[in-house]
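Before any comments, here is the structure.
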Amino acid sequence: MSKQPVLDAKKAEKLLLDSGYVLIRTKGSHRIYKKVDNRIVLPFHSGKNLHPKITKAILEATKSKEDDEGQF
């Protein structure tokens, strides 16, 4: 099993936006992104890395788009 990359909020946001997610709202320091029926909450704390569970969820959400494109 390979190690997950360490992401901060800016890198994660770029991954989400590049894969088609849209910022729907902000509540405090958390930004909520949505694509079809999938919703991801991204804590946006400057200078801090994301928790590994959040990183995993973001990578899985952005990976599904790449897999879908490869099947056409």
Side-chain angles (χ1 to χ4, degrees):
M1 194 152 92
S2 63
K3 276 190 142 186
Q4 287 183 5
V6 177
L7 292 178
D8 62 357
K10 288 183 182 182
K11 290 178 186 176
E13 181 180 43
K14 182 171 176 12
L15 285 174
L16 289 171
L17 293 174
D18 288 346
S19 65
Y21 280 82
V22 177
L23 176 66
I24 56 172
R25 65 187 172 101
T26 302
K27 184 170 184 176
S29 62
H30 293 77
R31 297 181 182 179
I32 295 99
Y33 296 88
K34 189 171 183 178
K35 179 180 173 184
V36 189
D37 290 333
N38 195 9
R39 181 180 63 109
I40 294 183
V41 178
L42 180 63
F44 218 87
H45 304 285
S46 62
K48 293 188 178 182
N49 293 329
L50 296 174
H51 190 277
K53 287 183 179 181
I54 297 171
T55 301
K56 182 180 177 183
I58 290 170
L59 293 176
E60 287 177 356
T62 57
K63 181 182 175 192
S64 64
K65 178 187 181 282
E66 294 170 2
D67 292 342
D68 292 343
E69 287 178 353
Q71 293 177 356
F72 292 109

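What you are looking at is a predicted structure, and each value in this text was computed from that prediction instead of being measured. Reckoned from all heavy atoms, side chains included, excluding hydrogens, waters and symmetry mates. We count residues from 1, following the sequence as given.
Looking at Val22 and Lys34, their side chains never come closer than 4.5 Å, going by heavy atoms from C-beta outward. Residues Leu7 and Ile54 fail the side-chain proximity criterion, which asks for heavy atoms closer than 4.5 Å.
Val41 and Leu16 are members of different hydrophobic clusters when ILVMFWY side chains are connected at heavy-atom separations under 4.5 Å. Side-chain heavy atoms closer than 4.5 Å link hydrophobic residues (I, L, V, M, F, W, Y) into clusters, and following such links, even through other members, never connects Ile24 to Tyr21. Each of Ile32 and Ile58 belongs to its own hydrophobic cluster when Ile, Leu, Val, Met, Phe, Trp and Tyr are linked at side-chain heavy-atom distances under 4.5 angstrom. Leu50 and Leu15 fall within a single hydrophobic cluster, where Ile, Leu, Val, Met, Phe, Trp and Tyr are joined by side-chain heavy atoms under 4.5 Å apart, directly or via other members.
Put simply, NZ on Lys14 and OG1 on Thr62 are 12.0 Å apart, with the number rounded to the nearest 0.5 Å. One distance of note links CD of Gln4 with NZ of Lys53; it measures 11.5 Å at 0.5 Å rounding. Separating the NZ atom in Lys10 from the CD atom in Glu13 is a distance of 9.5 Å, to the nearest 0.5 Å. One finds the CD1 atom of Ile40 at 12.5 Å from the CG atom of Leu23 (value rounded to the nearest 0.5 Å).
Across every non-hydrogen atom of Asn38 and Ala61, the tightest pair is ND2-CB, 3.9 Å. Closest approach of Lys35 to Ser19, counting heavy atoms only: NZ-O, 2.8 Å.
Between the side chain of Lys48 and the main chain of Pro43, no donor-acceptor pair closer than 3.5 Å is present.
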